[in-house]
Amino acid sequence: MASTAQAAPAAAAPEIVAWGRVRPGRRIADRLLKVLCVAFTVLGVFVLGWILAMLLVRGVSALSPAIFLQPTPGPGSSGGGLANAMLGSLILTMLGIVVATPVGVMAGTYLAEYGRTSKLASVVRFINDVLLSAPSILIGLFVYTLLVPPLGGYSGWAGAVALAIIAVPVIVRTTEDMLRIVPNGLREAGAALGAPPSIVIRSITWRAARAGMVTGVILATARIAGETAPLLFTALNNQFWFSPTLMGGVSNLPVTIFQFALSPYENWQQLAWAGALIITAAILGLSIVARFVIKKDLAR
Amino acid sequence: MSVLVQEAMIADSIPSARRSPAAGADRLFRLASLASALLVLAVLLGIIGSMIVGGMPAFREAGFVNFVSGSTWDINNDVYGAWPAIAGTVVAAFLALIVGVPISLGIAIFLTQLAPRWIKGPVASAVELLAAVPSIIYGMWGLFVFAPLVANYVQVPLNSVVEGLPIVGTLFYSRVPSGTGIMTAGLILAIMIIPFVASITRDILDQIPSVLRESAYGIGCTTYEVVRHVLMPQAGVSIIGAVMLGLGRALGETMAVTFVVGNANRLTSLFDPGSTIASRIANEFNEALGLQLHALIALGCILFLVTFSVLVVARVLISRVKVH
């Protein structure tokens, strides 16, 4: 470093010649920027690695067959698993996606095919973008006032609606983006055959954009599978197997992890780590699958 | 919609035009898509409405100004003031920006300007995976891994330095070096907003025509000068938008903050336990009755107003560049 700092133009070393007669101040600023950028990137990747390593170390040691077979244990009792929480999470996420997919796809279709540049479409697009990053706890509060007192208590249905509200903006956004890149020639060809707009949309544009739209739904699933805050006041949680009507608290993985991780019981904390590993693996898996689907489609 | 399809739609709305058998289904499909789009609007209006209606009793009881500026949160006597929670939210979010934004910009510059092709893909994927990790995982990492480090390596040494100093002492002295507090929450939030700010900034930098960059390099600029005098002036406004989007996220983040903020209703130093609006709601809502319930929804209303305005400004700033 000392030799480069002197910047003697006569020196023969190639790295000095490459810099020529650049003032030291400019050179230092440049070096500093590059070093900082690399350091920050390393830091970001390092934190991701650290979190994943922590999950693996603490989660794998807590994994056992009982986790998938037994319901959550009561306070102070030993053993137990996460079977009810996992099933509950699966049901809530599925219900949320089943509600959100038609609404999101239709709204995205409206924005891309019917509304386009109309005033209503741009308002909806803007509001959708805002909802995309709205705090999820507020959506929980909203669904609480909408559904919990009227239905007479916490229910899985309220939880599913809260998750659906979080999933819809994601699906709207990806559906619109994907429909937008379908070339207009395809639509015109369909119209030339006498197909009305709804047929053109359903059998031509949707089909052309299918992989992208599926990606949107997978990403939305990944987004809501780990959401905790909106479930706190809607589906709550349940220590036991929940009722098949989904009324009353429905056990779910994120809220169980939240409660167990902060509990004083050793076996509860172990279960929280196992649950954290399972849910993160599922969500990262879904995100990777989503990227794979879209890449395969673009390559075609 | 292309012109031909539009004409087909216009023809469809004239009664004398030839009707295809599917005309009814066609109209139904159109209405269904319109209804879904309107539903998105309805959700936003519903959130606003439920917050205002639910929070009204608390606002009316104390008066809006007193509710916002009051600092007692006494459940037994039904006296509610939101100031410690509001201040905690804002301070934690700004700490997140101070730490997170430079790192995000560094990552974005690295990915767009410096990285060789083979390293670009994996690093971009890693940053995006960081965004997919659920917030509760950040909370557990923060509480069980990060907070003890803060306690041992920051709070304890810092305490011995700043104890008794006038202003610095009040700001940085922690009475119980437990690792939880506003500062830890801010640092966790910083990590959580990095993927969002970094990936949006990367997209913005990618959109700048490379001719600009190349001509700057051509007249002998260093990378620093290209970034400072070419990229930043070009992308400045939308980078501010990306930063505000991160701010919106940081203000409303709940679970990770609830784990590490300490959940105390006071506002002392940066390293002492405090609370944010979201963590207060998450902690108390299920046991709340009567006026406390309304006070929590009123807190939600304030959070909504703040994040909504931040997000609106963010979206306006980001979209302004895409137009031209």
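Within every chain, numbering begins at 1; the chains are lettered A, B, ... in the order of the sequence lines, protein sequences first and strands thereafter.
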Least distance between heavy atoms, A:Asp30 atom then B:Thr223 atom: OD1-N, 2.8 Å
Worked check of side chain to side chain contact (heavy atoms under 4.5 Å, CB included) between B:Leu31 and A:Met106: CA-CA 10 Å; B:Leu31 281 179; A:Met106 291 304 280; over 6 Å; no
I'd like to know which of A:Arg202, A:Glu227, A:Arg223 tops the heavy-atom pair count under 4.5 Å against chain B. A:Arg202
Partners meeting side chain to side chain contact (heavy atoms under 4.5 Å, CB included) with A:Ala167 (sequence neighbours left out): A:Ile97, A:Ala100, A:Ala220, A:Ile224
Taking side chain as everything from C-beta outward and backbone as N, CA, C, O, which of these in B:Leu39 sits under 4.5 Å from a heavy atom of chain A? Side chain, backbone, both or neither. side chain
Kindly give the heavy-atom pair with the smallest separation between B:Met140 and A:Ala276, and that separation in Å. SD-CB, 3.8 Å
Segment of A:Ala272 engaging chain B (4.5 angstrom heavy-atom cut-off): both
Closest heavy-atom contact between B:Leu129 and A:Ser287? CD2-CB, 4.3 Å
Relative to chain B, which segment of A:Ala222 carries a heavy atom at a distance below 4.5 Å: side chain, backbone, both, or neither? neither
Indicate yes or no: at least one non-hydrogen side-chain atom of B:Asp26 is less than 4.5 angstrom from one of A:Pro197. yes
Against chain A, work out which of B:Glu253, B:Glu225, B:Arg228 has the most heavy-atom pairs shorter than 4.5 Å and name it. B:Glu225
Name the region of A:Ile51, side chain, backbone, both or neither, that has any atom closer than 4.5 Å to a heavy atom of chain B. both
Side chain to side chain contact (heavy atoms under 4.5 Å, CB included) against A:Val148, all qualifying residues, sequence neighbours excluded: A:Tyr144, A:Tyr154, A:Ala158
So, for A:Trp50 and B:Tyr138, is the gap between ring centers shorter than 6.0 Å? no
Do the non-hydrogen side-chain atoms of B:Leu245 and A:Ser133 ever get within less than 4.5 Å of each other? yes
Tell me, for A:Leu48 versus chain B, whether the close heavy atoms (under 4.5 Å) come from the side chain, the backbone, both or neither. both
Does any backbone or side-chain atom of B:Val227 lie under 4.5 Å from a heavy atom of chain A? Answer side chain, backbone, both or neither. side chain
Kindly indicate, with the supporting measurements, whether the criterion side chain to side chain contact (heavy atoms under 4.5 Å, CB included) is fulfilled by B:Tyr224 and A:Lys34. CA-CA 8 Å; B:Tyr224 169 78; A:Lys34 285 176 176 165; over 6 Å; no
Does any backbone or side-chain atom of A:Leu138 lie under 4.5 Å from a heavy atom of chain B? Answer side chain, backbone, both or neither. both
Pairs of heavy atoms under 4.5 Å with chain B: top-ranked of A:Leu284, A:Ile165, A:Val42: A:Leu284
Which residues in residues 278-287 of chain B have any heavy atom lying under 4.5 Å from a heavy atom of chain A? B:Ala278, B:Ile281, B:Ala282, B:Phe285, B:Asn286
For a quick test of reading the model, state the closest non-hydrogen atom pair linking A:Ile137 to B:Gly252 and the distance between them. CG2-O, 4.4 Å
Among A:Ala229, A:Gly140, A:Ala134, single out the residue with the greatest number of heavy-atom pairs under 4.5 Å to chain B. A:Ala229
Proximal component of A:Ile279, with respect to chain B [non-hydrogen, under 4.5 Å]: side chain
Applying a strict 4.5 Å limit to non-hydrogen atoms, the region of A:Arg125 in contact with chain B is neither
Could you walk me through whether A:Phe126 and B:Val312 pass the side chain to side chain contact (heavy atoms under 4.5 Å, CB included) test, one step at a time? CA-CA 8 Å; A:Phe126 189 81; B:Val312 164; 3.8 Å; yes
What part of A:Val130 lies closer than 4.5 angstrom to a heavy atom of chain B: side chain, backbone, both or neither? both
Region of A:Leu146 in contact with chain B, defined by heavy-atom distances below 4.5 Å: neither
Side chain from CB out, backbone as N, CA, C, O: work out which of these in B:Thr258 comes under 4.5 Å of a heavy atom of chain A, or both, or neither. side chain
Under a 4.5 Å heavy-atom cut-off, does chain B meet the side chain of A:Leu36, its backbone, both or neither? neither
Checking A:Leu55 against chain B: side chain, backbone, both or neither under 4.5 Å from a heavy atom? side chain
Would you mind checking which part of B:Ile48 comes under 4.5 Å of any heavy atom in chain A, side chain (CB onward), backbone (N, CA, C, O), both or neither? neither
Between B:Leu41 and A:Leu120, is a side chain to side chain contact (heavy atoms under 4.5 Å, CB included) present by the stated rule, with each step listed? CA-CA 10 Å; B:Leu41 289 187; A:Leu120 176 67; 4.1 Å; yes
Applying a criterion of heavy atom separation less than 4.5 Å, what residues of residues 194-201 of chain B form contacts with chain A? none
